[in-house]
Number of protein chains: 2
Amino acid sequence: MKAPNAYSADCPTRQILDRVGDKWAVLILLLLREDPMRFNRLRRTIEGISQKMLSQVLKSLERDGLVRRRAIATVPVTVEYSITPLGVTLAKAVDPLRDWAECHLKEVLAAQRRYDGQTKAAA
Amino acid sequence: MKAPNAYSADCPTRQILDRVGDKWAVLILLLLREDPMRFNRLRRTIEGISQKMLSQVLKSLERDGLVRRRAIATVPVTVEYSITPLGVTLAKAVDPLRDWAECHLKEVLAAQRRYDGQTKAAA
DNA sequence: CTGAATCCACTCGGATACTG
DNA sequence: CAGTATCCGAGTGGATTCAG
């Protein structure tokens, strides 16, 4: 850490935050922490993700060393995705956020209603 | 918590994750936790954000009750943004992620190099 | 079953110009 | 100073089709 102006793109936090910010990445990570899964199983479980996105996100997660892909040469190919130890540590770092979400979502929604009310009143 | 299939959009985690995933939101939150700031000060500090995005993100953060906007009727208008107590709790929940980023970024980068190497070799 | 490739609509986000 | 409004290029992501 040099200048406090690590609020530039070179900040590691930024890079990780971008990953975490990914609409699906963390979700998949949390899912795989529960159980290893096959492609279509993930697809069905998440329900809302397109096959393109799933494929894409899985690849990037694998690239980051957060998820492991294991192909089994059965008759129709079987591919199993599982979380890596590194992925587990990230998932753990995400847990507080999960907890925060569950604890404070109501407050956030309330704040939104309040804000929208004032805004509409002003209009 | 009902079915484990809270991996739908109705999951609070998803909503918060979307916020956190925002390219700038968390960054601004962490900045404002250090010090309240005026608009242009934020703009200069972050360096890379457009005033459109800054304006937009600040508004949504205010809407969520995470940030407070205080306008002072001076000659040229002065507006100060500060973090709310709720915002502080969210920032705290993000800290583990920051730590993770700093601790494990190298591993992630290494994994990426490894992956890219194999990929290129295969091609 | 597990993807890759293509097409395309839509949104994000930057640059610019203008207002109070 | 603190924004808003408009334009527009680039990237995101869904639907569909093809392949191993």
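All values below come from the heavy atoms of this structure, side chains included, with hydrogens, waters and symmetry mates left out. All values derive from a computational prediction rather than experimental measurement.
- Within a heavy-atom distance below 4.0 Å of DNA chain D, no residue of residues 60-75 of chain A is found.
- Residues passing the side chain to side chain donor-acceptor pair (under 3.5 Å) test with A/Gln51: none are found, sequence neighbours excluded.
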Contact letters for nucleotides 6-20 of chain D, in which S counts primed atoms plus P, OP1 and OP2 and B counts the base, heavy atoms under 4.0 Å: -B-----BBBB----

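- The CG atom of A/Asn40 sits 10 Å away from the C1' atom of C/dG3 (whole-angstrom rounding).
- Put simply, CD1 on A/Ile83 and CG on A/Leu29 are 4.0 Å apart, with the number rounded to the nearest 0.5 Å.
- A close approach under 4.0 Å does occur between a side-chain nitrogen or oxygen of B/Tyr81 and OP1 or OP2 of D/dG3.
- Atom CG of B/Leu54 and atom P of D/dA2 are 10 Å apart (whole Å).
- Rounded to an integer number of Å, the gap from B/Met37 CE to D/dC1 P is 15 Å.
- Residues forming a salt bridge (Lys or Arg N to Asp or Glu O under 4.0 Å) with B/Glu107 (at least two apart in sequence, or on another chain): none.
- Legend: residues meeting salt bridge (Lys or Arg N to Asp or Glu O under 4.0 Å) with B/Arg68, ordered by chain and number and at least two apart, are absent.
- Taking atom CG of A/Leu42 as the reference point, atom P of C/dT2 lies 9 Å away to the nearest angstrom.
- What separates CD of B/Glu80 from C1' of D/dA2 is a distance of 14 Å, to the nearest Å.
- B/Leu66 has its side chain out of reach of B/Leu32: every pair of non-hydrogen atoms, C-beta onward, lies at least 4.5 Å apart.
- Atom CZ of B/Phe39 and atom P of D/dG3 are 6 Å apart (whole Å).
- For the side-chain hydrogen bond (donor to acceptor under 3.5 Å, both in side chains) condition, the pairs that include at least one residue of residues 84-94 of chain A, sequence neighbours left out, are A/Thr89-B/Trp100.
- In this model, the phosphate group of C/dT2 is not approached by any side-chain N or O of A/Ser55 to a distance below 4.0 Å at OP1 or OP2.
- In terms of phosphate contacts, B/Arg38 brings a side-chain nitrogen or oxygen within less than 4.0 Å of OP1 or OP2 of D/dA2.
- Taking the side chain to side chain donor-acceptor pair (under 3.5 Å) definition, one finds that B/Glu80 meets it with B/Arg70, sequence neighbours left out.
- Considering only residues two or more places apart in sequence or on other chains, B/Lys59 meets the side-chain contact (heavy atoms from CB on, under 4.5 Å) condition with A/Tyr115.
- The NZ atom of B/Lys59 sits 15 Å away from the C1' atom of C/dG13 (whole-angstrom rounding).
- Axis angle between the ends of the helix from C/dC1-D/dG20 to C/dG20-D/dC1, five pairs each and rounded to 10 degrees, works out to 40°.
- Residues meeting the side-chain contact (heavy atoms from CB on, under 4.5 Å) test with A/Ala71, sequence neighbours left out: A/Arg69, A/Val79.
- For B/Leu58 and C/dG13, the CG to P distance is 14 Å, given to the nearest whole Å.
- Taking A/Asp95 as the reference, A/Arg33 meet the salt bridge (Lys or Arg N to Asp or Glu O under 4.0 Å) condition, with sequence neighbours excluded.
- Pairs of residues two or more places apart, or lying in two chains, never qualify as ring-ring contact (aromatic ring centres under 6.0 Å, His included) while including a residue from residues 54-82 of chain B.
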